[in-house]
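Take a look at the structure below.
When a ligand or atom number is given, it counts from 1 through the structure's own listing order. Because the structure is predicted, anything quoted here is derived from the model rather than measured.
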Amino acid sequence: MSRDPGRPASERDGSRPTPERDGDAAPLLSVRDLRTQFPTVEGTVRAVDGVSFDVYPGETVCLVGESGSGKTVACESIARLVDPPGEVVDGEVRFDDRDLLACAERDLRAVRGDRIAYVFQDPQRSLDPVYTVGEQVTEAVGYHRDVDGAAARERAVDLLDRVGLPNPAARADEYPHQLSGGMKQRVAIATALAGDPDLLIADEPTTALDVTIQAQILDLFADLGDEEGLATLFVTHDLGVVAGIADRVVVMYAGRVMERGSVTRVFERPAHPYIRGLLDSLPGRGGERIGGEPPDPLDPPAGCRFHPRCPHAVGECRSGDGPPLHGVDGGGEAACVFHDGVRDSTVVEAGPEPRSERDPTHDADTSTCGADGGPR
Ligand SMILES: Nc1ncnc2c1ncn2[C@@H]1O[C@H](COP(=O)(O)OP(=O)(O)OP(=O)(O)O)[C@@H](O)[C@H]1O
Ligand code: NI
């Protein structure tokens, strides 16, 4: 079962930033071996622990994974927004051939204010309480475009309309505290889009919105991707949203990338048992919710971090630093030993089966309580 053996075995060392997509276009954003830690009294939380992925111009990449998997910390690390004592301890974040982690704060502010826009999970973080929403969006328009005040205001109202703010011309004169949480988030999104960024990093931007408004905003992102080449890194744990908007998907678990690939391939042929389990448990798919809980971030298991919950885990999954990303059939990669090019990867595609049918050599440790890393 050939699995593209010519690929580098691991990208974790960051030494070879192989493009994730074939073709001529260079990635707009290239994240390599990103590591971010939080010192706490109980120990070090390795919230992001060797994450690599690319975002190409005009595409939408969805970062998915259960709560606590490191999606927010990854995004904040990319934009250098991690608050101390949290610290990006390693890695590279290339944006248009500039390493954002290495550049001076002043240069970074220029990039972040102009070419990269950020929508926080909490809209409060994006808005200034002392200015009206119209002033904030207008300022963002004017900052980036050479337009007079009236034209900037007109564009601001238009944007507020496009993000679904009711009665935008009147609402523009209100202050953030006069708006509901969902409306604030819409204003935050309008502000982010006002400057025609090249990259939008949006952390669960639509979670708090009702489905109609959510759909409207997702459509708006799609239009801006098509019309203006806006690339989006979109964090969500709603796989329905992912199916609707993503070009490519990056699946995180316990601070690591478990799988990357086109949305079509990942949804049709999930390669890693983790994303396979998440997809199977969607309504109508007939599968059960993945048993167990994500690991304690202070003390993740050795080997593959998902192994205590994995129906396919074999001895090798329980020790070492976890498998590298292996190329999978149909494109993309999965950090799973079943895609090492030697094992039969179809056992993952076939779903959970009695273990003896798949790996008789490891029958002895079929319970998830292997000595070197059972559930804690
Ligand atoms: N300031 C902090 N101090 C200590 N640990 C932190 C801090 N911020 C985040 N973490 C830890 O880092 C890990 C990743 O958190 P993160 O918020 O990135 O997860 P997430 O995938 O965005 O989850 P959610 O879907 O709930 O937003 C978690 O274990 C979290 O507890
Ligand atoms: Ni988050």
Assess whether a salt bridge exists between E316 and R343, defined as any Lys/Arg side-chain N lying under 4.0 Å from an Asp/Glu carboxylate O.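 Looking at E316 and R343, the cut-off is met.
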Nearest heavy-atom approach of E87 to V82 is N-CG1, 4.1 Å
Closest heavy-atom pair, C317 versus V337, reported as atoms and distance to 0.1 Å, is SG-CG2, 3.7 Å
Could you find the nearest protein heavy atom to [atom] and give me its residue, atom name and distance?
atom	result
atom 8 (N) of ligand 1	F38 CZ, 3.6 Å
atom 26 (O) of ligand 1	S67 OG, 2.4 Å
atom 12 (O) of ligand 1	A47 CB, 3.2 Å
atom 25 (O) of ligand 1	K71 NZ, 2.8 Å
atom 18 (O) of ligand 1	V73 N, 2.9 Å

- prompt: Under 4.0 Å from atom 31 (O) of ligand 1, is there any protein heavy atom?
  reply: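 No, there is none.
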- [ ] Give the single entry among Q121, E76, H237 that approaches atom 27 (O) of ligand 1 most closely by any heavy atom.
- [x]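 Nearest option to atom 27 (O) of ligand 1, by heavy atoms: Q121.
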Problem set entry | Same cluster (ILVMFWY, side-chain, under 4.5 Å), L224 and V55 | no
Numbering as shown, the atoms of ligand 1 that approach [X] to under 4.0 Å (heavy-atom distance):
X	value
T72	17 (O), 18 (O), 20 (P), 22 (O), 27 (O)
E204	25 (O)
G68	13 (C), 14 (C), 19 (O), 20 (P), 21 (O), 23 (O), 24 (P), 26 (O), 28 (C), 29 (O)
P297	29 (O)

Within a distance under 2.8 Å of the Ni ion (ligand 2), the protein atoms of type N, O or S are T72 OG1
Output for pair (L165 CG, L159 CG), nearest 0.5 Å, gives 11.5 Å
Please say whether V45 places an N or O atom under 3.5 Å from an N or O atom belonging to ligand 1.
no
Checklist entry - Can you find a non-hydrogen atom of G65 under 4.0 Å from ligand 1? => result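 No, G65 has no heavy atoms under 4.0 Å from ligand 1.
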Which of R309, E259, R305, E66 passes side-chain hydrogen bond (donor to acceptor under 3.5 Å, both in side chains) with Y253? Answer is R309
- Task: Only counting residues at least two apart or in another chain, list the ones meeting side-chain contact (heavy atoms from CB on, under 4.5 Å) with T206.
- Result: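 Checked T206 against side-chain contact (heavy atoms from CB on, under 4.5 Å); matches are L209, Q214, I217, L218, F234.
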- Do D33 and S52 meet the criterion of a side-chain donor-acceptor pair at a distance under 3.5 Å? no
